[in-house]
Amino acid sequence: MSEYRGSEWRKWDLHIHSDASDGKMTCDQIIAKAKELSIDVIALTDHHTAKNIDRIVQVGHDSGITVIPGIEFRTEYGEKSVHIIGLFPAEFNGIIINTQAINEYILAPLNISETEIRRKGREKAGHPLSDEQAFKEGMFEVQVDFKVAANLIHEKLGGIVVVHAGSKSNGLEQEIKHEGKPGVTIYDSLGPLKDELFQKGYIDICEITNQNDSKDFYLNRFNRPSIVASDAHSIEEIGTKYVWIKSDPTFEGLKQIMFEPKHRIIISEHRPFDPPIWLRKTLLFFPLDTLLNAEKFCYSGPHELFFSPNFTCLIGGRGTGKSMIINLLQEKFFPKSNEFFKERSLSNSATNQRLSIDSFIDAGNEVDASHIEFITQNEIQQLADDYLLFTNSIYTRIKKFDSESELDKLEMEIIEHDMFLTDRNNNLVRLIEKSRMLEEKKKELGTQKGIVDSFQNPVYDELANNIKIISEWLTDIKDSQREYHDLITVLRKAIEPYISKENNNVYNDAMIDLVSKVKTALESESAKDFSNITSQILQKESEQLIASNNLSEYLISRGVSKENLNDVSTANSKIVSLGQDIKTLSAEIAEIQKTLQSFSIQITNDIKDQYIASLDKKAKEINIQLASINSPFLKTISLKYEFDTPQAKNSIFEEFKDIFSRHLIGLGAKEPSLLELLFSIEPSLSIERQPLLDALSQNSSTSKAKQWLIDLFTDEDNFLIYQTIVLKHLFNAFQYKTIRVLYDDRRIEDSSFGQRCTATLVILLQLGNNPIVIDEPEAHLDSLLISNYLVELIKEKKKNRQIIFATHNANFVINGDADLIHILDMTDEKITSIRCTSIEDKMNRKSLIGLEGGKEAFLNREKKYFINEIQ
């Protein structure tokens, strides 16, 4: 399959003169220059002659340049000389359009011949001239009737009439203005019959003189496209002015700008940009014996599809494989997400082995999966019915309007604050646990001190104090030893990711230097000799054992039973250990309390309010865009932010149960009653303990959960944990966002099924610039909406995003002006075949007319050309 990408932007120069009239260039020189300047299509438009047409068409063909045969006439209309150009197809009604055809069907009926032109030239000069001199002198002495010439161009050879205001000397060298300012325009030049010439279809295209002319005047008033062209007479002038036309490089391609004067032509120095992200092509190479659920797979064997960066349509009868392409692509980019392939599988008939779709599709690497949006059959309905699903789709589009990434920054603040609140709850739980441990340690310390005090005398005190001194020394040195080794481990892990950094900028250089210093320090530490302190530890442990034995012997001599001996002999060691534990716990509790004191409910409220305000602002910007839609077939669509309170409350309850799970053991209360009691007062960012306890007390419930909750929240620390759970979820405007879609100021859920689908598709297309692939978008949509609004929306949006439809609706394809069309057929072998075409490709026109409503779609497209006459 050739790499045909349909209608593409190409450079066209449609007004060039050769040495057959008043130009100074040969055909070969013109083509060589066009090729040098990457001009794809030119038109040879000599004055009153087609002498060089045959030669330049052949030279252009050999060089890959399309040449449109043309001719330029001076007419009798207007206050200034008005020139018209006839441009012709290569063939019309069986007539090959060459020099002979133009002479026979156009020039002869206008009574224009080289003999007559030479006669007028000699008559003007008043002295003998050669035939060539006489022709060049007389070519501007002849003129034609505008209407007669235009009718001949249209009817005899199926041509196009381009009008421009005179020559370089008497035409539009001044800027064209349409605001009452000085300057001669095509419109002014045409004289009193100008409106009739436009409205009756004599004029097809307006050639204005430069990119600053008001092309919109002719577009808005007469629905006529405007072009600029070089009007080149010398080699240096070729390509000094040109237009970009999106079409095949053919006469039929040129005709498309008459049907789509707004979207198919751009006057610009540079080629229009393609969308920044688009899928180029897809190569399918499934084995020939591939089965789909035991039946022959229609895409067995090699298949290659190219896509336009703008609008591609896959068309064909039912069962030809349109939807299958969409399903395959979705499964390729998002494995295990496609509903079709969740229920079906591909396998090799020879081995019965299941095939991985991803392994047999090559979609290139230009597009990351996250940038493509797939809407398969019935998904528009699903989006319309599931507001949470639709919210995610809309939110990604809203963020496209966030040029300063304000929402991203606020999202990060929310995430960080959510982590802060999670840490706060963890700290509260830790505070409760550590406070309990501290009380237990204090009680144990009192017990051990009681044991020591019961044996108070000088000998015992001396022996016990000796144990205490040794134990304190050992505890301190071993704690330091552990911290030292922990620090070494942390430093080694910290520098590990940076060891292989390349020194390609100042920060990397600084990191490399720092890592080097840390490595050197660690190597130095590993070489340190701690044998001396190790010996001291062993010595002290020996002394501790001796001191404990001495104390034991003393206690035995005083009649202490063996049963109590261990407790008494180790009491002083325990006192030292407990004292250290109490000191550590007290410090940790103080640190936790300090951290908890830094909390501010106002900060929580501010973050939520800022995010909502930012999202509302973006939604309002989109609403302005949506409000600009002017169609009698579509009511107002708007977006509105809502906080999903029910979902947030559900999360509050789940986290509450999770944190207090050990307290719930044995309670036996049913979840509904526990839920109702917990929310005796509506959870809010300003929730307080006493009102909650009062509400619980006044609740008439007889559930065990009532007293359990009262007892739980009587402890202030437990309430603080619950309060933090509430704040964590009720402040999170990002996690619990809902973008409500309103249709005619009502929630989309309350609209009719057709209205829901309509609003959904409009939003999907209207917002966003990522590639979007939709299977049968016409499902559930009104045909009048498609033909009168959606096709215009598509033509506008495809400039900046890639759109791919699998459809059997002709309006999308034809009046949506598809840039590339894949016609799918089923062969006798039950394999899908693919033909690539475009609207201007007349070879496949029958297939497009054969679409559902195809003939009517083409007729509607033709009618637009004469929109003023119809009105």
Side-chain angles (χ1 to χ4, degrees), residues 12-27 30-31 41-60 66-77 81-92 95-118 120-121 132 135-136 138-168 171 197 202-207 227 229-233 238 251 254-255:
W12 299 52
D13 185 351
L14 295 171
H15 192 167
I16 295 175
H17 297 278
S18 75
D19 56 7
S21 62
D22 58 340
K24 302 173 184 177
M25 305 164 287
T26 66
C27 297
I30 292 171
I31 295 299
V41 185
I42 67 165
L44 185 66
T45 55
D46 283 327
H47 292 281
H48 303 116
T49 181
K51 186 176 181 179
N52 273 347
I53 291 297
D54 294 349
R55 171 63 183 166
I56 198 166
V57 168
Q58 184 59 51
V59 176
T66 298
V67 177
I68 293 179
I71 192 166
E72 183 169 7
F73 298 110
R74 182 172 177 267
T75 76
E76 62 186 22
Y77 280 97
S81 172
V82 177
H83 288 207
I84 64 172
I85 294 172
L87 300 177
F88 306 101
E91 183 269 339
F92 179 71
I95 302 169
I96 303 300
I97 299 178
N98 52 21
T99 298
Q100 179 183 342
I102 295 173
N103 286 336
E104 182 178 343
Y105 288 96
I106 304 295
L107 292 173
L110 291 170
N111 296 318
I112 294 176
S113 66
E114 288 194 19
T115 300
E116 178 63 15
I117 292 173
R118 285 196 293 269
K120 286 183 177 287
E132 183 179 354
F135 183 85
K136 290 185 182 295
M139 71 177 69
F140 290 111
E141 297 306 309
V142 296
Q143 61 182 16
V144 300
D145 181 283
F146 193 110
K147 292 182 178 179
V148 172
N151 283 335
L152 285 169
I153 291 167
H154 284 144
E155 296 169 8
K156 294 297 184 181
L157 295 181
I160 289 172
V161 173
V162 181
V163 63
H164 77 110
S167 67
K168 290 191 171 185
L197 294 176
Y202 291 102
I203 298 170
D204 301 311
I205 299 172
C206 299
E207 182 187 334
I227 65 169
S230 67
D231 193 6
H233 289 70
I238 294 177
F251 177 82
L254 175 62
K255 283 181 66 175

Asks: Considering only heavy atoms from C-beta outward, does the side chain of R74 approach that of H47 to under 4.5 Å?
Replies: no

Asks: Taking the side chain as every heavy atom from C-beta outward, state whether I31 and V67 have any atom pair closer than 4.5 Å.
Replies: yes

Asks: Does the side chain of V161 reach to within under 4.5 Å of the side chain of Y202, using non-hydrogen atoms?
Replies: no

Asks: Which distance, rounded to the nearest 0.5 Å, do you find between the CG of L197 and the CD1 of I203?
Replies: 5.0 Å

Asks: So, E72 and H164: side-chain donor and acceptor under 3.5 Å apart, yes or no?
Replies: yes

Asks: Could you check if a side-chain atom of F88 sits within less than 4.5 angstrom of a side-chain atom of I71, using non-hydrogen atoms only?
Replies: yes

Asks: Working to the nearest 0.5 angstrom, can you tell me the gap between L14 CG and I227 CD1?
Replies: 5.0 Å

Asks: Near E104 CD, under 6.0 Å, is it more than 12 heavy atoms from other residues, nucleotides or ligands?
Replies: yes

Asks: Would you say that more than 12 heavy atoms from the other residues, nucleotides or ligands in this model lie under 6.0 Å from the NZ of K156, or not?
Replies: no

Asks: Taking CD in E91 as the centre, count heavy atoms belonging to other residues, nucleotides or ligands within less than 6.0 Å. Is the count above 12?
Replies: yes

Asks: Looking only at heavy atoms, which two atoms of N52 and A20 are closest? And how far apart?
Replies: ND2-CB, 3.4 Å

Asks: Test your reading of the model: is there a side-chain donor-acceptor pair from D46 to the backbone of T49, 3.5 Å cut-off?
Replies: no

Asks: Less than 4.5 Å apart, any side-chain heavy atom of I53 and any of I102?
Replies: yes

Asks: In the structure I gave you, are the side-chain heavy atoms of S18 and I56 within less than 4.5 Å of one another anywhere?
Replies: no

Asks: Which pair of heavy atoms, one from I117 and one from H48, lies closest together, and at what distance?
Replies: CD1-CB, 3.7 Å

Asks: With heavy-atom distances below 4.5 Å as the criterion, would you say the side chains of L152 and F73 are in contact?
Replies: no

Asks: Looking only at heavy atoms, which two atoms of D22 and H233 are closest? And how far apart?
Replies: OD2-NE2, 2.9 Å

Asks: Hey, does E116 have a side-chain heavy atom less than 4.5 Å from the side chain of N111?
Replies: no

